[in-house]
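Heads up: the structure comes next, in structure tokens.
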Amino acid sequence: MPEVEIRKRLVTIEEIFHEGGPPAATPLRRGAIIAVIRNPFAGRYVEEIAGFMDDLKPLGLAMAQQLIQALGGDPKAIQGYGKGAIVGAAGELEHGALWHVPGGYAMREALGGAKAIVASAKKVGGPGTRLDVPVTHIDASYVRSHFDAMEVGVPDGPKADEIALVLVMTTGARIHARVGGLKASEIKGEDGLR
Amino acid sequence: MSAKIRKIVTVVEETVTEMGRPVTPPTRRAAAVAVIENPFAGRYVDDLTELFEIGEELGALLAAKAVAALGIEGSRAESYGKAAAVGENGELEHAAAILHPKLGTPVRRVLGKGAALIPSSKKRGGPGVALDIPLGHKDAAYVRSHFDGMEVRIADAPRAGEIVVAVAVTDSGRPLPRVGGLKTSEIKGEDGLR
């Protein structure tokens with residue numbers, strides 16, 4: 001399978017103090033890392049693409065580790081995660097799906113065994129396309145306070161023959177979370193759901 | 001009066017290849033962006049001094065954040081720029097009041113020098129509006145390899161009564177500069193131009 005060729009990386013950290021309500025004692029942090037890579041399957045239909053998932057694993061792990069560093073360096077501080085992909089116009093949505101396994105594996109590995117499924121979004125688009133990456137609690141998908149999303153994008157990517165791969169992590173609940181539901185303190189943490 | 005900050009976002013963009021060619025060392029630019037309350041939203045106020053002070057405070061804060069995000073000493077920064085977007089209940093003049101009278105001095109203090117004008121842009125817009133922050137060499141405005149721009153946007157800002165304020169810093173010029181002009185090696189660094 002082809003080598004992973006990176007054109008650029010973007011790291012975005014949001015530090016949220018309030019959203020019109022009482023400022024939080026600890027600001028919420030949301031972080032995204034994006035790697036813009038060449039799409040080895042652009043411009044033609046390729047049947048066998050699944051092998052590329054293994055090639056993406058080292059990149060995923062490096063991205064997860066770099067994102068944790070940018071969020072302060074402590075994997076235990078990470079409470080929410082999500083992932084996504086934007087496939088350039090000469091590729092297909094299925095190429096974005098190649099990120100499910102390596103992206104999810106990378107974050108679980110870097111976070112020391114998170115249990116919940118990693119929420120994801122993907123689309124085909126041109127340079128500057130924005131993607132709303134869904135975010136959920138890392139150990140229990142139903143934790144309502146941690147349902148969130150982070151909008152990301154690359155001003156000059158993806159070009160037609162590129163894919164932008166995205167990982168997102170957060171350090172806590174929405175800044176003024178107050179709509180009830182399963183609380184992080186009530187997680188059993190067995191099935192990844194509750 | 002100090003700025004009422006709702007959130008701070010930092011973005012680091014690293015280009016490692018361009019047109020398939022390696023960029024060595026990679027070019028890196030960082031933007032630190034604050035979302036603040038516009039104290040004059042919704043009414044005409046003649047004296048904008050309060051915003052001058054907020055500009056001074058944000059200059060120091062955002063320059064330090066941008067340099068920290070790049071992980072370099074301030075003195076190693078090569079180019080810079082600034083920009084602001086005013087929410088719909090404010091005036092363009094509010095952006096000018098933040099950017100022009102007092103923001104530059106603390107930025108230069110963080111970067112060690114900065115003889116050149118800090119290039120700037122401003123606009124009025126709604127949440128998610130894109131800011132194109134112009135970039136120029138910090139000691140000699142005519143260095144052609146460092147004329148650049150960085151696009152940043154914050155999905156949920158500015159709200160009507162807010163202002164988005166950005167400072168961008170790089171440790172490099174464009175990825176593969178080759179359009180001639182004044183080189184960094186030729187800077188005199190006296191008049192801020194050459």
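Chain A is the first sequence line, chain B the second, and so forth, proteins listed ahead of strands; every chain is numbered from 1. Values below: all heavy atoms of this structure, side chains included; hydrogens, waters and symmetry mates excluded.
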Report whether [X] and [Y] are members of the same hydrophobic cluster (ILVMFWY, side-chain heavy atoms less than 4.5 Å apart, transitive linking).
{"X": "A:Val36", "Y": "B:Val11", "answer": "yes"}
{"X": "B:Ile72", "Y": "A:Leu10", "answer": "no"}
{"X": "B:Leu131", "Y": "B:Val86", "answer": "no"}
{"X": "A:Leu59", "Y": "A:Leu67", "answer": "yes"}
{"X": "A:Val11", "Y": "B:Val23", "answer": "no"}

Go through it in stages, so that I can follow the logic: the residues are A:Glu15 and B:Arg6, the test is salt bridge (charged side-chain N to carboxylate O under 4.0 Å, His left out), and I'd like the CA-CA distance, side-chain angles, deciding distance and then a yes or no. CA-CA 9 Å; A:Glu15 213 177 342; B:Arg6 176 161 72 82; over 6 Å; no

Tell me whether [X] at atom [atom1] has more than 12 heavy atoms from other residues, nucleotides or ligands lying less than 6.0 Å away.
{"X": "A:Lys123", "atom1": "NZ", "answer": "yes"}
{"X": "A:Tyr142", "atom1": "OH", "answer": "no"}
{"X": "B:Tyr142", "atom1": "OH", "answer": "no"}
{"X": "A:Ile117", "atom1": "CD1", "answer": "no"}
{"X": "B:Glu186", "atom1": "CD", "answer": "yes"}
{"X": "A:Glu186", "atom1": "CD", "answer": "yes"}

From NZ (B:Lys7) to CD (A:Glu19), nearest 0.5 Å: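 Here the interatomic distance stands at 7.5 Å.
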
Per-residue contacts, residues 154-177 of chain B versus chain A, heavy atoms under 4.5 Å: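 Counting heavy atoms that sit under 4.5 Å from chain A, the residues of residues 154-177 of chain B involved are B:Ala155, B:Arg159.
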
Which one, A:Glu5, A:His18, A:Glu151, leads in non-hydrogen pairs under 4.5 Å with chain B? A:His18

Residue, of A:Asp132, A:Ile6, A:Ile34, A:Asp156, that accumulates the most heavy atom pairs under 4.5 Å with chain B: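 Sorted descending by pairs with chain B, the first entry is A:Ile6.
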
Note, A:Thr12 side chain near B:Val9 side chain (heavy atom, < 4.5 Å): yes

Is there a side-chain contact between B:Glu18 and A:Arg7 in this structure, where contact means two heavy atoms from C-beta onward sitting under 4.5 Å apart?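 Side chain of B:Glu18 against side chain of A:Arg7, heavy atoms only: contact under 4.5 Å found.
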
Check whether A:Arg30 gets within reach of chain B through its side chain, its backbone, both or neither, counting any heavy atom under 4.5 Å.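 Only the side chain of A:Arg30 comes within 4.5 Å of chain B.
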
Could you go through the side chain to side chain contact (heavy atoms under 4.5 Å, CB included) check for A:Arg9 and B:Arg28 one step at a time? CA-CA 9 Å; A:Arg9 291 187 203 91; B:Arg28 299 191 313 145; over 6 Å; no

Ionic contact status for B:Glu14 with A:Lys8, cut-off 4.0 Å: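 Looking at B:Glu14 together with A:Lys8, the answer is no, because their closest N to O distance does not fall below 4.0 Å.
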
Ranking B:Thr27, B:Val16, B:Ile5 by heavy-atom pairs under 4.5 Å to chain A gives rank one to B:Val16

